[in-house]
Amino acid sequence: MAHVTRRNFLGTASLAAAGAAMGPWVRRAGAQAGPVKIGLVLPYSGVYAVLGESITQGMELVFARENWTVGGRKIEMIKEDDEMQPPVGIRKTEKLIDSDKVDILTGPVHSGILMGMRDKVHNSKTILIVSNAGADAISRERCSKWIFRTSFSNWQPNQPMGEWVAKHVSKDVFIAAPNYQAGKDQLGAFKETFVPAGGKLVGEDYPKLGETDYAPYLTKIRQSGAKAVYAFFSGSDAVNFVKQYDQFGLKQSIKLTGAGFLTEPDVLPAQGKSALGVITGHFYTPLLDNPTNQRFVKEFQAKFGGKMPDGFACQGYDTAEVIVRALKAVNGNTQDKPKLVEVIEKSEFDSPRGRFRFDPKTHNVIQPFIYIREVREVAGGINNVPIDRVANVTDPGTGCTLPRPPPLPLWTGAARPGWSRGDDPQRFRGSACRVICLRRR
Ligand code: PHB
């Protein structure tokens, strides 16, 4: 035990007294002098390595703009490679939460890893801002007060495409995706509107994630009588599928369509002319002409050697933007987690994709638009040109039990949209309720 002299006893006692006099807020702020730790669980190797890199770069762009200091505290990013393996992703999540004691977590890319991380995050009350993985369940029966998503639910880019493909491309379609949760979610959302619009599924296949030889699947497609294909592949899977589809000679006779990830700028340079004419649905294209996007594309290219930003970089940018705004709102105090959740819920800003906001019912981003895009040769190279769009695409959130937004504070006499005047219980609140509600009982 340390020897306590009269002098250091008095020093300690007066510090304690000063702490008590300052009150809990000041003492807490004092204890928060260190950096804000942001843990990243992302693939920096494997099929989706390019996605992990783009998300990280999008975040770095925003933090660099803030000189890596927000709310009086340094920003420290702790990057962990999940190697695209759920057990590794879960182990890295535990390390970031239990050993590094991160303030906020972000990632992953892979839906299976997100599902594996979910309970650890929820039970430890760690704030997770999902910056890619689209597992629908996270906006539905497995939603959590502590989990937000800035990217998309797997449903969002695909559900509008079912009807669009049936109407504008073909009613005889073969569908394909990697054999794991995201593949099933994404094609499920496509079917949801394709079949009611009169579409017929002439075949369906699920190669393994990381397949390198699609020949057996392309043979099946050729023999199926399909007039179009709808596919979800991403990262190196998207490069291999699109190139082999062209080399197999299917491109001219069977129109290739899919979820936007199939032809994002992370894979377009490797796909080259094989990608020309492919039609996909996505919330972003670097060709959007809003001022935030124009600045984003310019600054991203300047910082990362001329690289064209993709949807993943936009997701990283929006994740960092949400974090920066929340930290400013709480003056850098990350200890009051419910308060941090409250301010994150209210995030609203101009993102490169349009006006960014979360759905309070699910904590999932509302997509301002899903763009239907065609790969064309445009000034500056091959890119996704928007040809149509669907507004305000919101995940249905079925089964999510997050608290609803707070009720209207006062009786206004007006009913909310969707309610008739006599039925809306929120019409009778506050002092008006004391009179009217008593009379109604
Ligand atoms: C996912 O696993 O949720 C996932 C992966 C890659 C994408 C989109 C979704 O491009």
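Reckoned from all heavy atoms, side chains included, excluding hydrogens, waters and symmetry mates. Order of listing sets the numbers, starting from 1, for every ligand and every atom in it.
- Side-chain contact annotation: Glu192 with Gln159, donor-acceptor N/O pair under 3.5 Å absent.
- The protein atom (non-hydrogen) at minimum distance from atom 8 (C) of ligand 1 is Phe152 CZ, 3.6 Å.
- For atom 2 (O) of ligand 1, the nearest non-hydrogen atom of the protein is Tyr180 OH, 2.6 Å.
- Side chain to side chain, Thr319 and Thr150 meet the donor-acceptor criterion of an N or O pair below 3.5 Å.
- Results of the side chain to side chain contact (heavy atoms under 4.5 Å, CB included) test with Leu96 over Leu105, Thr126, Leu40 single out Leu105 as the only residue that passes.
- Interface of Phe312 with ligand 1, defined as ligand atoms under 4.0 Å from a residue heavy atom, comprises 10 (O).
- Taking 4.0 Å as the cut-off between side-chain N and carboxylate O, Lys273 and Glu377 count as a salt-bridged pair.
- Among protein heavy atoms, the minimum distance from atom 3 (O) of ligand 1 is reached at Ser111 OG, 2.6 Å.
- Cation-pi geometry between Arg389 and Tyr371 is not satisfied (NZ or CZ under 6.0 Å from the ring centre, within 45° of the ring normal).
- For Ser234, every heavy-atom contact with ligand 1 shorter than 4.0 Å involves the side chain, none the backbone.
- Shown are Leu262, Ile279, Val278; of these, the side chain to side chain contact (heavy atoms under 4.5 Å, CB included) with Thr257 is made only by Ile279.
- Close contacts of ligand 1 with His110, meaning ligand atoms under 4.0 Å from a residue heavy atom, involve 2 (O).
- The side-chain tip of Arg353 points at the ring of Phe283 from less than 6.0 angstrom away and within 45° of straight on.
- Those atoms of ligand 1 that come under 4.0 Å of a heavy atom in Gln186, given as number and element, are 8 (C), 9 (C).
- Taking every non-hydrogen atom of Ala133 and a distance limit under 4.0 Å, the qualifying atoms of ligand 1 come out as 3 (O).
- Residue Asn132 approaches ligand 1 through these ligand atoms, each under 4.0 Å from one of its heavy atoms: 4 (C), 5 (C), 6 (C), 7 (C), 8 (C), 9 (C).
- Counting heavy atoms under 4.0 Å from ligand 1, residue Asn154 touches it through the side chain alone.
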Query - Working for ring pair (Phe, Tyr, Trp, His ring centres under 6.0 Å), residues Phe261 and Phe233 - result: CA-CA 7 Å; Phe261 320 105; Phe233 291 104; over 10 Å; no

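- By the 3.5 Å distance cut-off applied to N or O atoms, Gly134 is counted among the residues near ligand 1.
- Both cation-pi conditions hold for Lys184 and Tyr206: the charged atom is under 6.0 angstrom from the six-membered ring centre and inside a 45 degree cone around its axis.
- Of all the atoms in ligand 1, the ones that sit under 4.0 Å from a non-hydrogen atom of Leu51 are 6 (C), 10 (O).
- Of the protein's heavy atoms, Val109 O, 3.1 Å lies nearest to atom 1 (C) of ligand 1.
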